[in-house]
Amino acid sequence: MQFGKFSFTDQQIIEDAVKDGIVVVQQDYKLQNTETGEFFGLNGNRYFGRTYSLAVKCTGGYYLGRAALTPWEYDRYFDKYRNDPKYRGVISTTQYCAVADTLYRTLDSDGQLRHELPGGYFCKVDDKAAFGGQGFVADTSSTRTDGWIVLLTARKPLTGKQDNPLSFICYRQQIEFEPDQEHCAITPVAVDEVVGGLYIRTQITGIGQITMSLVGLVHVEKDKWTVDKLTSVNNVAATPELTPIKESGDKSVSEVVTTSENGRKKNER
């Protein structure tokens with residue numbers, strides 16, 4: 001069985017080697033009124049919005065995409081408040097799930113040092129405790145590589161329900177980073193929904209031994225796909241922020257009531 005330039009056997013080997021090195025991240029956020037400090041959910045939920053993306057395990061930490069760092073940028077329900085300085089999105093619960101599992105567990109990245117990658121689409125989180133500190137070895141030196149694109153896909157956008165099975169697409173791809181460039185454009189492939197992707201290099205290191213290293217992360221934005229190199233450009237330490245919050249203060253946006261200029265109450269949404 002062939003798909004492009006690889007066989008089914010090749011794909012299965014790559015898939016088996018990669019699947020334990022990635023997890024699906026479910027990122028929740030709340031809407032905060034910057035004037036009152038109140039937090040709001042949406043339609044009775046304790047979160048306003050939720051995104052799903054990929055986290056890639058690496059030695060001493062993991063890589064996260066922007067969908068997990070600033071999820072409101074990808075949420076159409078936030079459009080109403082996007083240009084209103086009175087409101088902002090605030091990260092709340094972060095959970096992850098293994099590709100072959102259905103149980104989500106807490107992932108705590110608060111206070112961890114983050115290394116932002118060029119372009120701002122990904123960052124590396126230093127966290128030796130997460131996932132036992134085990135993961136891919138990063139290859140930051142390769143400029144021209146014949147490796148593998150690995151995509152985690154679904155039939156439709158993820159919602160946390162179990163009626164949307166995940167699958168892998170793996171194929172060979174040669175990439176070359178131009179001098180002083182940290183991104184390499186790749187040709188999109190026909191898939192329904194891309195949860196995330198990575199680019200790996202395989203190397204025979206001995207008899208019966210193959211070493212796999214992580215060269216880059218796949219960024220998908222409509223019809224523009226790139227492999228982003230794992231070169232750190234700056235460090236961003238998460239800054240703790242004191243904000244007033246209490247159980248009774250978490251309201252659904254659909255239940256928020258404001259007062260109009262004539263003193264009558266009206267629904268905000």
With D146 via salt bridge (Lys or Arg N to Asp or Glu O under 4.0 Å) - residues at least two apart
none
Could you list the residues that satisfy salt bridge (Lys or Arg N to Asp or Glu O under 4.0 Å) with D75, not counting sequence neighbours?
none
If the condition is ring pair (Phe, Tyr, Trp, His ring centres under 6.0 Å), which residues does Y47 pass it with, not counting sequence neighbours?
none
Test: salt bridge (Lys or Arg N to Asp or Glu O under 4.0 Å). Region: residues 14-23. Which pairs qualify, not counting sequence neighbours?
D16-K19
Tell me, which pairs form a salt bridge (Lys or Arg N to Asp or Glu O under 4.0 Å) where one or both residues lie in residues 61-70, sequence neighbours left out?
R66-E73
Check ring pair (Phe, Tyr, Trp, His ring centres under 6.0 Å) between H219 and all other residues, then give those that pass, not counting sequence neighbours.
Y121
Taking transitive links into account, so neighbours of neighbours count too, which hydrophobic residues share a cluster with V137 at under 4.5 Å side-chain distance?
none
Can you list every side-chain hydrogen bond (donor to acceptor under 3.5 Å, both in side chains) pair that touches residues 130-140, not counting sequence neighbours?
D139-S141, D139-S142, D139-R201
Salt-bridged, R155 to D192, with N to O below 4.0 Å?
no
Of all pairs that satisfy side-chain hydrogen bond (donor to acceptor under 3.5 Å, both in side chains), the ones with a partner from residues 55-64, not counting sequence neighbours:
none
List for me each residue that meets side chain to side chain contact (heavy atoms under 4.5 Å, CB included) alongside K224, sequence neighbours excluded, and say none if there are none.
none
Running the 4.5 Å side-chain criterion over Ile, Leu, Val, Met, Phe, Trp and Tyr, what cluster does Y74 land in, apart from itself?
none
Who passes side-chain hydrogen bond (donor to acceptor under 3.5 Å, both in side chains) against T153, sequence neighbours left out?
S167
